[in-house]
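Take a look at the structure below.
Numbered from 1 within each chain, the chains take letters A, B, ... in sequence-line order. Small disclaimer: the values here were computed from a predicted structure and weren't measured.
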Amino acid sequence: MAGVPPTSAGYQIARHLAEKDLQAFLGSTPDIDTNSAQQQANIRYDPDSFLQGKLRQITAMMKQKGQAVRLQFSNEEFIILYPDEEMAQINMSESRLGALSAAPISPGGLSFTFCDDLFSPDDGAADSFMRLDALMWKTALWASQGRIPYDTDLHRSVALDRWPNLTRLLLLPNTLEIAALWAEQPHSLIETAAKLKIPQRYVFGFYSAVFALGLANTGETMKTLDYIPIAADAGEKQPASASWLSNWIPFFRSKNG
Amino acid sequence: MKKDLKIIFTGPVGAGKTTAINAISDTDTVSTNESSTDELRYRKNTTTVAMDYGIINMMDSKRVHLYGTPGQERFDFMWDILIQGGMGLVLLVDNARPDPLEDMQFFLQRFGDFIQRTRVAIGVTRMDISTTPRLNEYQSLLNDQTRNIPLFEVDARVRQDVSILVQSLLHSLDHQKRE
């Protein structure tokens, strides 16, 4: 079946809408000049001022105590975190959660209490349930909007400690590519965007999300990967080259989502 | 020269190899099924005895060939035949089996030489039936591996899940370290 021509008005509108949807998570900041202190400052934020950071702190306490926690927001809205199930019960809409995640939390804007673990997903008909890692991932993306935690070194190599469970997390453009690159070869944020030829904010957003899950490794414990040439198994076709494999992957993605 | 990709799906009986290939193949899949016997028949009516085969059509008439191995060890002679020419391995592990962690270890070891030459991506299936072990327990075992292996929860019936798993394998192949 013939697709919509990329130059058609419909295509342009669809693309514009898709970009608008992405902006909530990845912002719209253009690539920065790393020599500009002002531009560097513009792409930084403090996760601890947002729901992302509060969740991280409260989750750490919850796991230590082994008890469920109820986060209470100013207007009767709440989130309950369940440590054993690693789930969150959320009694607000997705858009409301996005708004709460994207704005800094004012003093007194959030309180929490430990409570009994009465996890019962079937009872909370009006509430939604989300996996804890998915909640932390998403709140980080909403807070980040394509920015990075304030003390991140743009030029320091980043590796993934392990792959996030990407089949159950919000997938943004180039997520799998960045993850594979950092799993195979540590690269700095700036190098990553240049190597993959993608907007820096896509890399910054992904970094912020894996940072929220504690999976971004910029230290000495990175696995050092030995060189292993890419090759088909013995006796068959010639080894694949990165170039032709690279050409395949976008097509595969467009076919299969 | 026409360059096609060949990807192998493996894993224990009932992990969802046939289902996953069906989910992502562009064509009707070819399966070599026989009626299950002994204890297996309580889990599924048929089981793969030689291979499953599906195709993803790409641009310029190129194709990704998807081969599924039989899960039962008594057909393991097919495993070595099917990996010939393979570019990478998708390992599916059934979380509802008695010892899925041991299953993962077994297949990683059994296909160890092939994985060393290529790459592997692991999908843990049927986590809706059995929520334990959790992914972090699989990850703990993978920490001993020299590589950072993609590991996801997967519903083999869901095309998007299988697609992400295969894409992670392809991207890993694309970015593996070269000198």
Identified side chain to side chain contact (heavy atoms under 4.5 Å, CB included) partner of A/F206 from the options A/L26, A/L141, A/I178:
A/I178
So what's closer than 4.5 Å to chain B heavy atoms on A/R168: side chain, backbone, both or neither?
side chain
Select one option (side chain, backbone, both, neither) describing which atoms of B/E153 are under 4.5 Å from chain A's heavy atoms.
both
Ion pair check, B/E102 and B/R97, cut-off under 4.0 Å
no
Among B/L165, B/T10, B/D103, B/V124, which one satisfies side chain to side chain contact (heavy atoms under 4.5 Å, CB included) with B/L92?
B/L165
Whatever's closer than 4.5 Å to a heavy atom in chain A on B/L135 counts as side chain
Specify whether B/Y67 and B/Y53 have parallel, tilted or perpendicular ring planes, treating 30° as the upper limit for parallel and 60° as the lower limit for perpendicular.
tilted
